[in-house]
Each structure stands twice: as C-alpha cells, then as structure tokens.
2 protein chains.
Amino acid sequence: MKSEDRQPRRYSSEESRRLLIEATLDSIVDVGFSNTSISEIVTRARLSRGMVHLYFDNKDALLVAAARHSAEVYYGTLSEQLKSAGSSPQAIVETVVLSDLGEDLLNERSIKIWFAFRGEAHANTAIAQYSDTRDDYLRDLIFKAFGEIAAAQGAPESEKVARDATHGTLALLEGMWTDYLLHSDSFSRASAARIIFRFLSALFPRYFNLNGAMSGKDLPCTSS
Amino acid sequence: MKSEDRQPRRYSSEESRRLLIEATLDSIVDVGFSNTSISEIVTRARLSRGMVHLYFDNKDALLVAAARHSAEVYYGTLSEQLKSAGSSPQAIVETVVLSDLGEDLLNERSIKIWFAFRGEAHANTAIAQYSDTRDDYLRDLIFKAFGEIAAAQGAPESEKVARDATHGTLALLEGMWTDYLLHSDSFSRASAARIIFRFLSALFPRYFNLNGAMSGKDLPCTSS
DNA sequence: CAAAATTATGGACATACATTCATTTTATGA
DNA sequence: TCATAAAATGAATGTATGTCCATAATTTTG
C-alpha cells in the first residue's frame with residue numbers, strides 16, 4: 001500500500017495532448033459544447049489550468065483538435081473494417097452500411113460528439129472542416145461500387161441510378177444517425193440496416209436482399 | 001424629416017417576447033449557440049439588458065422558448081401545406097416529402113437553428129423536448145398512409161412494409177437535411193425528392209414514380 | 001387630470017471565463 | 001552529481017457573462 005497506484009506523474013507532450021482532447025470530448029458528452037470550459041477540461045484530464053495553453057494555442061485550437069481527432073477515429077475505424085470486407089461491390093457497400101451502424105462508429109458517446117460539433121460548425125469554419133462524416137472519399141468509394149453494380153445490371157441510365165443510390169444510401173445513414181440521437185432508446189441497428197437494404201434491394205434486386213448483400217460474395221456480377 | 005421613421009418606442013409584452021425570441025434565433029444563426037449571450041440578444045432586439053429577465057425567468061428559459069417557437073413554426077407550416085393536399089394516402093406522403101424539402105421548412109436559417117438546438121439537446125432536456133421534427137404526430141400520419149397503400153397493394157407482411165416505409169422516408173428526410181447543412185452549395189431539392197420517390201416507387205410501384213405520387217390523385221387504390 | 005399599472009432602462013454585482021507567466025517539479029544527459 | 005531541458009503548476013489579470021434592481025418613461029384606468 002506504500003505506493004498508491006496513481007497515474008504516472010508525468011506525461012510526454014503527446015500523451016498530455018491526447019489526454020486534453022479526450023477530456024474535451026468527455027466534457028462535450030457530459031455537459032454539452034456550450035458548457036465545456038477550460039476548467040471543465042483540465043479537471044477531467046486531472047491536469048492544471050496552464051496545460052491547455054502549453055499544448056494548444058487557445059481553447060478554440062483544442063476544440064478543433066478534438067473535432068479532428070473524432071474524424072480520424074471515424075475514418076480509421078471504417079478503413080479497418082473495410083479491410084476485412086469482401087472485394088465485390090456489394091460486399092463493400094454492405095460493409096460500409098453495417099460499419100456505419102455498428103457500435104464502434106455509432107454509440108451514445110460518438111453521436112453526441114458529432115452532433116455537438118455539427119451544431120457549432122457553421123459558426124466555426126475550422127470545426128466545419130471536420131464535421132462531415134461520409135465525405136468525398138467515402139462517397140467515391142460507394143459510388144464506384146454502385147456504378148459497377150448498375151452497369152452489370154444493365155439498367156437504363158445506370159450512372160444516374162448509381163448516383164441516386166449513393167446519395168440515398170448516405171442520406172439514409174445520416175437519417176439513422178439522427179434517429180439514434182433523438183430516440184436512442186427505441187433505435188434498432190437491425191431494422192435500420194434492413195431498411196437500407198430494402199432500399200438497395202429495390203434498386204438492385206439481384207445484388208441485395210433485406211439481409212444485406214446476396215450470398216456468395218464473389219458471384220460474377222456480369223452473368224445473366 | 002422631423003419625425004424619424006424609427007420603430008415604435010413601446011411594445012406589448014407579447015411583442016417584446018417575440019422580438020427577443022427572434023433576436024435569439026438570429027444570434028444562433030450568425031454567431032452560433034455557444035456565442036449567443038444576453039448582450040448579443042438584446043443588441044439585436046434593440047432592447048435593453050433588463051428585458052430578458054422581465055419576460056423570461058432566465059437565459060435558459062428564453063432559449064427553450066426559442067426552440068419551442070421554432071418547432072411551432074415547423075409544424076404550423078407543415079399543417080398549413082397539408083391542408084391544400086389531396087386526401088389520398090399517396091398525396092399525403094407526397095406533400096410531407098415536398099414540404100419538408102421546400103424552402104419554407106428547409107433553408108439556410110432553419111437548418112442552422114435546428115442543428116444548433118440538436119447539438120445542445122442532450123445537455124438540456126427542456127430543449128430536447130423541442131429538437132425533434134418529424135415526431136409522433138407526423139410519424140403516425142404517414143404510417144397510416146403507407147398502411148393503406150401497402151394493404152391495397154396486397155403485398156405480404158404489409159404492416160412491416162408500411163413500418164419500414166415510414167422509418168425509411170423519415171430517415172431519408174433527416175439525411176437530406178443533414179446534406180443541406182453540410183453541403184448547402186451543392187444541394188438540390190429536386191434530386192433529394194427524386195431519391196425519396198425512387199425509394200417509394202421501388203416499394204410501391206403502382207403508387208409512386210420518380211416525380212412523386214402517380215397522377216390521378218384519387219385513383220381507387222383498391223382496383224387491380 | 002391624477003393614480004395605478006405596464007413597459008423599459010442601464011448601472012451594479014458577483015461569478016466564471018480564457019489567457020498569461022513567474023515559478024517549481026521532474027526527467028535527461030554529460 | 002550537476003546542468004540543462006522538458007513538463008507542470010496555480011495565482012493573477014482583465015474581460016465577459018447572467019442576474020438583479022432601483023429608477024424612469026409611457027400607457028391605461030378611474
């Protein structure tokens with residue numbers, strides 16, 4: 001009992017930065033963006049007042065760093081889960097949908113953080129930069145997947161269908177996130193996913209059903 | 001030029017309340033929720049400091065009143081536009097979708113306000129109460145409409161389809177709002193509507209097409 | 001026209017805030 | 001072991017905040 005198991009007395013500058021960012025996010029989750037003060041942050045981080053300005057130019061820079069960190073975690077997690085996905089376009093789409101609705105990306109904490117930043121984004125261009133999940137990279141990824149599927153299906157106006165499928169899928173995901181924010185008690189990941197796949201199976205009946213991508217992930221898309 | 005055309009010197013208490021609420025919303029739009037202070041508000045309202053506490057218990061009560069007012073405007077406008085809609089279930093759904101994407105309900109100002117309140121809702125239960133568009137009333141309205149359509153179409157599991165159609169349509173609308181918030185420059189009301197109707201026409205091909213409800217608004221839904 | 005009620009003002013107050021900085025503590029390297 | 005660098009502290013500062021209230025201006029009532 002002589003040496004209490006307290007935190008190490010001293011962190012590297014990177015550890016301290018990380019600690020402050022996590023404490024900022026904790027504060028946003030617990031008391032909201034507008035009540036997140038330097039005092040709240042340093043108390044939660046168990047650091048002293050001066051630390052924020054030792055490692056960040058000012059409070060705003062810390063908030064921006066926290067928004068940036070959240071975006072990095074989002075895209076990092078998504079990329080990780082995409083690695084273990086099949087290579088067919090249906091599998092890619094399915095993985096994006098299920099990951100985006102999975103607990104790693106969509107949970108009580110993350111949803112509060114995203115909507116807090118979005119609520120302030122229009123008043124802070126630096127934060128706005130990091131307030132968009134599903135940005136161009138993700139959009140391109142599933143647009144290409146839908147492009148392949150639509151072309152293989154041989155429907156008329158296949159590019160237009162692919163564009164609408166992309167837009168619709170991303171909008172549905174956004175909508176499901178909002179639904180989770182406002183009704184987290186009654187929210188069901190399964191039914192959220194089913195509705196999106198219902199949309200996709202209506203557009204591409206040979207490639208999706210209500211449970212996701214059709215079985216046999218590497219079915220030749222071009223066979224009749 | 002003797003009597004300058006300035007505002008009347010004195011308002012009724014209701015006018016003052018309204019003025020303060022509008023100024024609060026203006027401030028949220030211009031400088032964001034967290035920068036909206038009493039000083040900001042009274043300056044914009046061209047009233048003196050004491051007025052806020054004359055007509056509201058405190059700043060928080062004013063913010064809640066502003067959130068409430070926004071919700072009332074939303075539902076009031078929507079109800080108004082529903083009055084001039086056809087009575088068929090398709091027409092009701094079409095009106096909800098087009099109203100929700102129309103400029104009266106979805107514009108630069110309203111979207112910033114909604115997302116600002118949503119961002120703070122989880123830290124303020126009083127605001128949370130008014131941060132949900134598309135609440136139970138609206139949900140029931142279009143659920144009944146989809147129920148009629150699904151039953152008339154005679155598909156299996158028609159109630160489940162109606163439930164998914166409701167959830168999906170509302171999620172798509174939420175998603176389109178988010179899209180407008182984050183990419184208002186590239187947002188297109190027409191393509192947002194087309195995507196939602198693409199979803200609906202896939203579920204109910206005899207009742208919707210890419211342009212909305214099928215023509216002949218009062219077609220007998222039960223005919224083969 | 002006086003009295004009462006309503007609407008409006010802006011200074012005062014304590015508190016909370018972001019920021020600065022002189023100082024101290026701890027770790028590192030010679 | 002000591003000098004130097006890195007990490008950490010928390011008191012101090014000035015400003016901004018929400019709230020209160022004594023007072024004034026205006027309207028309404030009797």
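Proteins get letters first, then strands, A, B, ... in listed order; numbering begins at 1 in each. Note that the structure is a prediction, hence the values are computed from the model and not measured.
Ion pairing between B:E14 and B:R18 fails under the 4.0 Å rule for side-chain N and carboxylate O. Between B:E72 and B:R68 there is a salt bridge, since a side-chain N of the basic residue sits under 4.0 Å from a carboxylate O of the acidic one. Electrostatic pairing of B:R198 and A:D164 counts as a salt bridge here, judged by a charged N lying under 4.0 Å from a carboxylate O.
Both A:D57 and A:E40 lie near DNA chain C, and the one whose nearest nucleotide falls closer to the 5' end is A:E40.
Here D:dA5 presents its P atom at 16 Å from CG of A:L54, a figure rounded to the nearest Å. A:I38 has its CD1 atom 15 Å from the C1' atom of D:dT9, to the nearest Å. Across the protein-nucleic acid pair, B:K59 atom NZ and D:dT19 atom P stand 8 Å apart, rounded to whole Å. Summarising the geometry, the separation between CZ on A:R46 and P on D:dT9 is reported as 12 Å, rounded to the nearest angstrom. The separation between B:R10 atom CZ and D:dT27 atom P is 6 Å, rounded to whole Å. Rounded to whole Å, atom C1' of C:dA18 lies 16 Å from atom CG of A:N35. Remark: P of C:dT7 and CG of B:L20 are 13 Å apart, rounded to the nearest angstrom. One interatomic measurement links the two molecules: NE2 of B:H53 to C1' of C:dT9, which rounds to 15 Å at whole-angstrom precision.
For B:S37, whose side chain is taken as the heavy atoms from C-beta onward, the closest listed nucleotide among D:dT17, D:dT19, D:dA11 is D:dT17. Distances were taken from every side-chain heavy atom of A:S13 (C-beta onward) to each of D:dA7, D:dA8, C:dG10; the shortest belongs to D:dA7. Across D:dA7, C:dT19, C:dT9, the shortest atom-to-atom separation from the side chain of B:M51 is found for C:dT9. When each of C:dA18, C:dG11, D:dA7 is scored by its nearest atom to the side-chain atoms of A:Y55, the top-ranked nucleotide is D:dA7.
In this structure, A:L47 reaches the sugar-phosphate backbone alone: every heavy-atom distance under 4.0 Å involves primed, P, OP1 or OP2 atoms, never a base. B:F56 comes within contact range of no nucleotide atom at all, as no heavy-atom separation falls under 4.0 Å.
Atom CD of B:E15 is surrounded by more than 12 heavy atoms from other residues, nucleotides or ligands within 6.0 Å.
Counting atom types as modelled, A:R49 pairs no side-chain N or O with a base atom of D:dT9 as donor and acceptor under 3.5 Å.
Under the rule for a ring pair (Phe, Tyr, Trp, His ring centres under 6.0 Å), B:F143 has no partner lying at least two apart in sequence or in another chain.
The phosphate of C:dA8 has OP1 or OP2 within less than 4.0 Å of a side-chain N or O from B:S16.
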